[in-house]
There are 4 protein chains.
Amino acid sequence: MNSKKERIFTAAIDKFSQKGSTNTTMQEIAETAGVGKGTLYRYFENKEDLIYSLIQYGINKMTNQVKEKISQVELPLEKLKIIVGAQLEFYDQHQNFCKFLTREIWGYQSKFEDYIKEIRSNNTVIIENIIKDGIERGVFKELNAETAAVSLSGMINITALHWFMFQDKFPIEKIRNDIIQLYFNGIKKSNI
Amino acid sequence: MNSKKERIFTAAIDKFSQKGSTNTTMQEIAETAGVGKGTLYRYFENKEDLIYSLIQYGINKMTNQVKEKISQVELPLEKLKIIVGAQLEFYDQHQNFCKFLTREIWGYQSKFEDYIKEIRSNNTVIIENIIKDGIERGVFKELNAETAAVSLSGMINITALHWFMFQDKFPIEKIRNDIIQLYFNGIKKSNI
Amino acid sequence: MNSKKERIFTAAIDKFSQKGSTNTTMQEIAETAGVGKGTLYRYFENKEDLIYSLIQYGINKMTNQVKEKISQVELPLEKLKIIVGAQLEFYDQHQNFCKFLTREIWGYQSKFEDYIKEIRSNNTVIIENIIKDGIERGVFKELNAETAAVSLSGMINITALHWFMFQDKFPIEKIRNDIIQLYFNGIKKSNI
Amino acid sequence: MNSKKERIFTAAIDKFSQKGSTNTTMQEIAETAGVGKGTLYRYFENKEDLIYSLIQYGINKMTNQVKEKISQVELPLEKLKIIVGAQLEFYDQHQNFCKFLTREIWGYQSKFEDYIKEIRSNNTVIIENIIKDGIERGVFKELNAETAAVSLSGMINITALHWFMFQDKFPIEKIRNDIIQLYFNGIKKSNI
DNA sequence: CATGAATGAGGCTTCATTCAT
DNA sequence: AATGAATGAAGCCTCATTCAT
């Protein structure tokens, strides 16, 4: 990856996460990246392309990181545990990207449609498949796998976002344990 | 509430949810509402004010609806059950507002900060308090109440959004049951 | 003169003199006059008409006041003395109108052309004729009467404006004497 | 001075003098200058800044021209003579600017306040000081120096404006002599 | 008669994009 | 290849004017 392109990526994520993509000017990105405005257009067709590329780049990075880790274990339960940890870790390392992504993904219908589908298939579907596998193996309850998968995604994503925005520190281990506990066994105390 | 103001509200939510607030022009809103451009400015100081008012109006409506319903039961468990149902119901009735809100709320610190705080205290905190109550009563596990509350919010919110965007129908009862089941007892099959 | 029309006139002069006619809205005038916005249009065709009428009204008032006074004396010298005093007095009584007028008169070419001509013939020409008369009678030097007339106008007008803007009080008698002294005998000390 | 900035200056003066600054659009200025609308904003922060800069630029130019000339003579009488000539000359060379300036300077307190003060101190005060000097030396009458200075300014300014607007030619030498004659010795024929 | 809600033309300004250097 | 001056489409907002009440 070209180092100048990386600088632009970083600058763009930085700005986008602070002010949103629409409120960030190409000028600002160029300045932050320390390149000329015209240079942006050597690496990206236009602003939209920059946003798309950014989403794709980040999603791929995150998905690959997650995929690699879950490939090392076999059981659905273990896989989900790893996903929660890996996802939180990634968000922690890339808070800005996380904010940016959340905002861009739940937004437009039209143009981003395809990208969103792709993100979905790259992300939620992974979880969905693990859950289906778990249901088949008889270790998970017979819930709608899609709902269950999206629920987990929502828990992780929104909790991370919430902590970023309203708290100073992000106690990742504690949060991970709570989410796993919650998602696996529920909030109710088992009253043997 | 003035009927023309309501028309503007509706038009704005409609457009904002489709294209995001920044990509929607005042012109478009006026046209959709069937009023003149200048009329918008009789009811709202400027575009920002329109967005603020919209968030506030919707949040209040939702919160009131939820608050009223949970006041009718006593047990934390029952309260949470009702919240899941009421929240999904509201989202179902106001899909566009739900999309708009999710998009506006997550992302930037910005000038919306205060509103977001308020929204939080009006919404997540309700859940948080119920959970704290449940923990004290010994019916809920000793998790971080904040994380647990935000997790539930995330589950409901993102699941609803997901169904709106990727599926034709919104089987509210089924989803409600799945989420409650998941949140109360977890995904793991109890292996007595 | 209708009292409501007078109130509008007064309000308009007040606002116009403070912010200029272009920066004053019909709304403001209506509010200051204590009437509805629509009412303005019962008395004036449009904003331009209001400005025109205002200029005309003020000029007429001033000219009449001056004309009446100079008709009481015969000699050119006496007439000029009276004009200086009367003009300063009028400006003093109608500072706002004076400011407004100066700004409007030395402005546009096009539309106001006719009005300006009229103002000129109503005002400067009076002085010009007195000067011509004085030259014929041999009491005034043989200067270009037009230049001499406009010069006096400029002296009076700009001096008044200057005092309004940069000094708290307007010592009208002192200024009148200085201007007369200056205009009649010049600044040079007569060196016997 | 950047040539494109000069072109904008010239275009702005041209338009402003014809229609007043408030009735001139940035669009028009851009077109007249032969540049794009956006280009104006590379050279001036906004319309107000353009007006300010214009006033300042012109005033400085005029004042410098005058100052330089009067520095070459010593006697108050000579200095004033030169000022009348230099000022008329400048107005003649920059008729449009003269119209623009007169219009902008007189009228409102507003935000231009500071600039007007500066203009005053750069312009009228020069005359005022010469007059004070002359009074001390015993060659000028003991009039209020401020009134005397502003009077001369008014004579020159308004006479120039008058000739520009109502006459085809501007017989600068003749006007200069008349004004000097008038200001030095008065209109009254000395009756030995 | 009087009012003020409603309108939309038009002004100022921003910013993605181009292109000459 | 890199730059940033230049551009003009497009957005927000104001305000003179109209007209139903």
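Taking the side chain as every heavy atom from C-beta outward, Ile51(B) and Glu48(B) never approach each other to under 4.5 Å. For the pair Met26(B)/Leu50(B), a side-chain contact is recorded, criterion being any heavy-atom separation below 4.5 Å from C-beta on.
If you take CG of Leu40(B) and C1' of dT7(E), they are 11 Å apart, rounded to a whole angstrom. Straight-line distance from the CZ atom of Phe44(B) to the P atom of dC12(F): 15 Å, rounded to whole Å. Rounding to whole angstrom units, CD1 of residue Ile8(B) and P of dC13(F) are separated by 14 Å. Atom P of nucleotide dT14(E) and atom NZ of Lys19(A) are separated by 13 Å, given to the nearest angstrom.
The two atoms that bring Asn23(A) and Glu28(A) nearest to each other are O-OE1, 3.8 Å, heavy atoms only. Nearest heavy-atom pair, Ala12(A) versus Leu54(A), reported as atom, atom and distance to 0.1 Å: CB-CD2, 3.8 Å.
Gln18(C) and Asp14(C) share a side-chain donor-acceptor pair at under 3.5 Å.
For the ring-ring contact (aromatic ring centres under 6.0 Å, His included) with Phe9(B), the qualifying choice from Phe100(B), Phe97(B), Tyr57(B) is Tyr57(B), the only one to do so.
Of the two residues near DNA chain F, Val35(D) and Thr39(A), the one whose nearest nucleotide lies more 5' is Thr39(A).
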Exercise. Using Watson-Crick and G-U wobble pairs whose two distances are both under 3.5 Å, how do you write the pairing of DNA chain E as dot-bracket, with | for links to another strand?
Worked result: .||||||||||||||||||||

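In this structure, Glu45(B) places its CD atom where only 12 or fewer heavy-atom neighbours from other residues, nucleotides or ligands lie under 6.0 Å away.
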For this session: Sugar-phosphate atoms are those with a prime plus P, OP1 and OP2; base atoms are the rest. Using that split, label each nucleotide of nucleotides 15-21 of chain F B, S or - for protein heavy atoms under 4.0 Å, 5' to 3'.
Result: SSBB---

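Under the rule for a side chain to side chain contact (heavy atoms under 4.5 Å, CB included), the partners of Gln93(D) that lie at least two apart in sequence or sit in another chain are Gln65(D), Glu89(D).
Remark: Arg42(A) is in phosphate contact with dA1(F), judged by side-chain N or O atoms under 4.0 Å from OP1 or OP2.
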